[in-house]
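Letters A, B, ... mirror the listed sequences (proteins, then strands); counts begin at 1.
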Amino acid sequence: MPDISVILPDGSKRDIPSGSTVEDLARSIGSRLAQAALAAKVDGRLVDVGHTLSGGETVEIITDKSPEALEILRHSAAHVMAEAIKELFPEARFGIGPAIEDGFYYDVELSASLTPDDIGRIEERMAHIVSQAQPFDRAEVTMPEALEVFEEEPYKLELINELPADETISVYRQGVFTDLCRGPHIPHTGRIGAFKLMKLAGAYWRGDSDRPMLQRVYGTAWFTQKDLDEHLTRIQEAERRDHRKLGRDLDLFSLHEDAGAGLPIYHPKGARVLRMIQEWMRAELYRRGYDEVITPHIYKADVWKTSGHWDNYRENMYFFQVDEGEGRINDYGIKPMNCPGHIMVYKNDLRSYRDLPMRLFEFGTVYRHELSGVMHGLMRARGFTQDDAHIFCTADQVHDEVIAMLDLVDHVNSAFGFEYTAEVSTRPAKSMGSEDMWEVATEGLIGALKARGLDYEINEGDGAFYGPKIDIKLRDAIGRTWQTATIQADFNLPERFDITYRTAENTEARPFTLHRTILGSMERFLGILIEHYAGAFPLWLAPTQVVIVPIADRHLDYCASVQQELQAVGVRVETYAENEPMRVKIAKAQQQKVPYMLVVGDKEAEQGAVSVRDRTQGDLGAIPVGEFVAMLETTQSGQ
RNA sequence: GCCGACGUAGCUCAGCUGGUAGAGCAACGCACUCGUAAUGCGUAGGUCAGGGGUUCGAGUCCCCUCGUCGGCUCCA
């Protein structure tokens with residue numbers, strides 16, 4: 001048989017007999033590689049190890065070391081789960097079952113709801129299937145054949161019917177389960193080293209709330225038990241950091257059924273942290289040419305009619321009626337956004353190009369009636385405070401304004417130790433504003449990102465109908481991403497409220513409006529910070545920075561004088577004066593994640609000193625009070 | 001809003017197939033006055049989320065509402 005040759009990733013050529021598969025190639029290179037081969041990338045396209053090579057391709061063997069490997073494994077695990085479900089529930093009809101970050105899921109339609117017991121049974125079946133090392137068999141079929149194979153699978157039929165008529169349709173079979181699938185898959189089910197089913201949820205078919213709701217089973221899969229264990233440990237770590245739990249343990253905030261869902265109530269310590277962030281932010285904004293405004297929480301409905309909220313956002317708003325006397329009844333709406341107030345400030349006077357850019361900011365508390373199922377502690381609430389600002393500027397100022405915002409984003413994120421990425425969303429199908437405006441605004445955004453050397457992804461057509469936007473996603477201490485800052489151009493409001501300015505040529509022009517938040521919502525940002533720091537706020541944010549721990553009652557007087565001395569220089573300090581052994585007080589302060597504990601006994605009282613205990617480093621020994629204050633100042637100025 | 005699970009003391013949880021509610025921590029009181037992560041003893045604390053129903057009897061079974069959790073959808 002004549003040889004063909006393929007190119008390996010290192011650029012070398014390798015001759016193999018014609019008709020060889022990827023597996024044959026791997027074996028010809030080495031038996032270890034043949035053992036390790038999971039799939040391959042042929043000319044950049046992922047294929048199974050059973051794929052027949054035709055010669056001339058560039059071939060990269062995928063092993064469990066490859067970046068694509070886990071995704072392939074998890075996709076295969078989804079098929080194994082589907083097989084198990086089909087064995088247990090023959091009436092099951094299948095939707096889709098992709099690999100996702102950290103795992104996979106499969107959507108199925110069943111006559112009855114799955115229970116946690118069922119999950120256990122499915123896992124057992126899966127373990128059995130894995131132990132059998134069932135091969136994944138690939139076959140290519142024509143459209144009519146595919147329609148026949150899946151005649152009892154309405155969801156699969158829907159997917160097939162949407163494929164282009166000339167598409168090669170591949171199906172994969174292992175055991176009793178056959179799936180419409182592009183592949184590739186691992187060679188056989190035995191390669192799934194470790195898996196676990198994680199949770200059950202409802203999911204609309206194709207994400208459409210008008211279509212049937214299927215049952216979604218989530219799982220995770222890894223090459224080794226060790227990897228799975230580490231994954232489970234990471235989940236535990238995330239639970240340990242959960243801001244809802246820490247918020248209670250650290251006495252930061254609470255949520256009350258009686259008060260209403262999604263309405264966080266801040267306790268003194270939570271309020272203190274929030275105010276620290278706001279004060280810091282406010283100083284930063286003044287420095288950057290912003291002016292603070294304060295606007296009402298409610299407006300007459302007419303305002304919301306003008307702004308468009310009445311027509312487009314009403315179901316998310318709280319409206320109420322007020323009897324103003326003599327039978328006059330007015331509708332009022334609670335603000336879900338701060339724009340109208342800021343616009344009114346702008347509109348209050350004639351504006352000239354000399355006034356621009358005008359940067360108005362507000363810590364504006366807004367209320368949105370979010371769907372009942374979406375609330376999540378501080379991260380998703382119905383009442384929250386945005387660090388909101390609107391910049392009114394001319395077209396040619398957009399670029400510099402956006403650069404300034406990105407600069408602020410960078411400053412803020414690095415102050416808290418976050419890395420971040422940017423995404424640009426462009427014009428959607430349904431949108432307003434001229435092509436020209438979109439062009440200018442989108443270029444302004446992208447140009448600014450480039451000027452700052454920030455990498456970004458583009459979400460084509462994902463912008464708001466009123467303008468393009470940049471979203472900033474930050475990455476916390478354990479690698480999770482959160483959306484916080486958003487920078488949006490808005491063509492809608494200037495139009496609706498008919499705001500203008502006088503140009504240098506004494507003509508009337510419409511300003512550009514840029515809407516932006518840097519922290520997003522204070523609630524969400526605080527929640528992210530709590531989880532990022534696992535509750536151990538850095539010194540400058542810690543609600544209590546120092547706890548004084550007297551050893552015995554006779555030291556209380558001295559404690560009071562130390563406390564006064566610290567308070568005098570603005571240190572947030574408490575004394576644990578209750579009648580407990582000192583070990584207990586230290587344990588409590590550690591649990592409260594207080595940065596410094598000052599142990600005070602006979603020795604310290606005599607010498608005018610304090611024994612400093614750092615929450616992470618432990619006992620640092622005794623130093624004079626003045627020295628401790630200097631130490632705090634040094635640490636704090638690092639911020 | 002939709003699917004599923006859940007809601008017992010301030011917190012974490014126990015309470016089997018219906019028979020009149022329990023622990024640890026926290027709180028309060030007393031004793032101990034203590035040297036770097038939890039002193040001992042005692043006391044008090046619950047309309048078992050709320051409402052309705054089934055039953056001789058409901059924390060336990062059924063229905064509704066509210067809330068929480070995990071997803072979906074939404075995120076002008």
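- Note: His309(A) and Trp304(A) have perpendicular aromatic rings, judged against thresholds of 30 and 60 degrees for the angle between ring planes.
- Nucleotide A14(B) has no partner under the Watson-Crick or G-U criteria, as no pair reaches both atom distances under 3.5 Å.
- Contact of Arg211(A) with C72(B) (side chain to base): no donor-acceptor pair of N or O atoms is detected under 3.5 Å.
- When heavy atoms are screened at a 4.0 angstrom cut-off, Lys588(A) is found touching no nucleic acid atom at all.
- Residue Arg216(A) places no side-chain N or O under 4.0 Å from the OP1 or OP2 atom of G70(B).
- Distances shorter than 4.0 Å separate some side-chain N or O of Ser372(A) from OP1 or OP2 on G1(B).
- The residue Gly260(A) sits apart from the nucleic acid: no heavy atom pair falls under 4.0 Å.
- Distance check on atom C1': C61(B) versus G45(B) gives 30 Å, rounded to whole Å.
- Distance Phe491(A) CZ to A76(B) P: 16 Å, rounded to the nearest Å.
- Between the side chains of Gln386(A) and Thr517(A), no donor-acceptor pair is found at a separation under 3.5 Å.
- G70(B) atom P lies 11 Å from atom CE of Met379(A), rounded to whole Å.
- Side-chain N/O atoms of Tyr204(A) and base N/O atoms of G1(B) include a donor-acceptor pair closer than 3.5 Å.
- Counting any heavy atom pair closer than 4.0 Å across all strands shown, Gly601(A) reaches a base atom.
- Ring-centre distance between Tyr596(A) and Phe628(A): below the 6.0 Å cut-off.
- Taking only side-chain nitrogens and oxygens, Ser113(A) comes nearer than 4.0 Å to OP1 or OP2 of G4(B).
- Residues Tyr558(A) and Glu606(A) bring no donor and acceptor atom of their side chains to less than 3.5 Å of each other.
- No donor-acceptor contact under 3.5 Å links the side chain of Glu315(A) to the base of G1(B).
- Taking only side-chain nitrogens and oxygens, Arg244(A) comes nearer than 4.0 Å to OP1 or OP2 of G70(B).
- Taking atom NE2 on His256(A) and atom P on A49(B), their separation rounds to 19 Å, with Å as the unit.
- Tyr105(A) comes within 4.0 angstrom of no nucleic acid atom, judged by non-hydrogen atoms across all strands.
- Note on Val374(A): a base of the nucleic acid sits closer than 4.0 angstrom, heavy atoms only.
- With salt bridges taken as basic N to acidic carboxylate O contacts below 4.0 Å, one links Glu531(A) and Arg480(A).
- Contact between the side-chain N/O atoms of His376(A) and the OP1/OP2 oxygens of G70(B) is found at a separation under 4.0 Å.
- Judged by Watson-Crick or G-U wobble contacts below 3.5 Å, the nucleotide G70(B) has C3(B) as its partner.
- Judged by closest nucleotide on RNA chain B, Asp553(A) is the one of Arg583(A) and Asp553(A) placed further toward the 5' end.
- For the residue pair Gln488(A)/His515(A), the side-chain donor-acceptor check at 3.5 Å is not satisfied.
- Residue Met375(A) is in sugar-phosphate contact alone, with no base atom involved, counting any heavy-atom pair closer than 4.0 Å across all strands shown.
- If you measure from atom CD1 of Ile235(A) to atom P of C69(B), you get 18 Å, rounded to the nearest angstrom.
- For the pair Lys469(A) and Arg206(A), both in contact range of RNA chain B, the more 5′-proximal nearest nucleotide belongs to Arg206(A).
- Among the heavy atoms of the strands lying under 4.0 Å from Ser611(A) is at least one base atom, whether or not backbone atoms are also near.
- As a whole-Å value, the separation of Arg248(A) CZ from C13(B) P is 9 Å.
- Atom CD in Glu604(A) sits about 14 Å away from atom C1' in C34(B), given to the nearest Å.
- U39(B) and A31(B) make up a base pair, with Watson-Crick or G-U wobble contacts both under 3.5 Å.
- Ala464(A) comes within 4.0 angstrom of nothing in the nucleic acid, heavy atoms only.
- Among the heavy atoms of the strands lying under 4.0 Å from Asn492(A) is at least one base atom, whether or not backbone atoms are also near.
- Ala201(A) comes within 4.0 angstrom of a base, heavy atoms only.
- Protein atom CG of Leu200(A) is 14 Å distant from nucleotide atom C1' of C69(B), rounded to whole Å.
- The residue Asp602(A) sits close to a base: some heavy atom pair falls under 4.0 Å.
- One can place CG of Asp249(A) at 12 Å from C1' of G10(B), the figure rounded to the nearest angstrom.
- A gap of 31 Å separates the C1' atoms of G50(B) and U43(B), to the nearest Å.
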Using the rule given for side-chain contact (heavy atoms from CB on, under 4.5 Å), can you reason through Glu423(A) versus Gln483(A), listing the C-alpha separation, both sets of side-chain angles and the distance that settles it, and then say yes or no? CA-CA 10 Å; Glu423(A) 292 175 10; Gln483(A) 210 232 287; over 6 Å; no

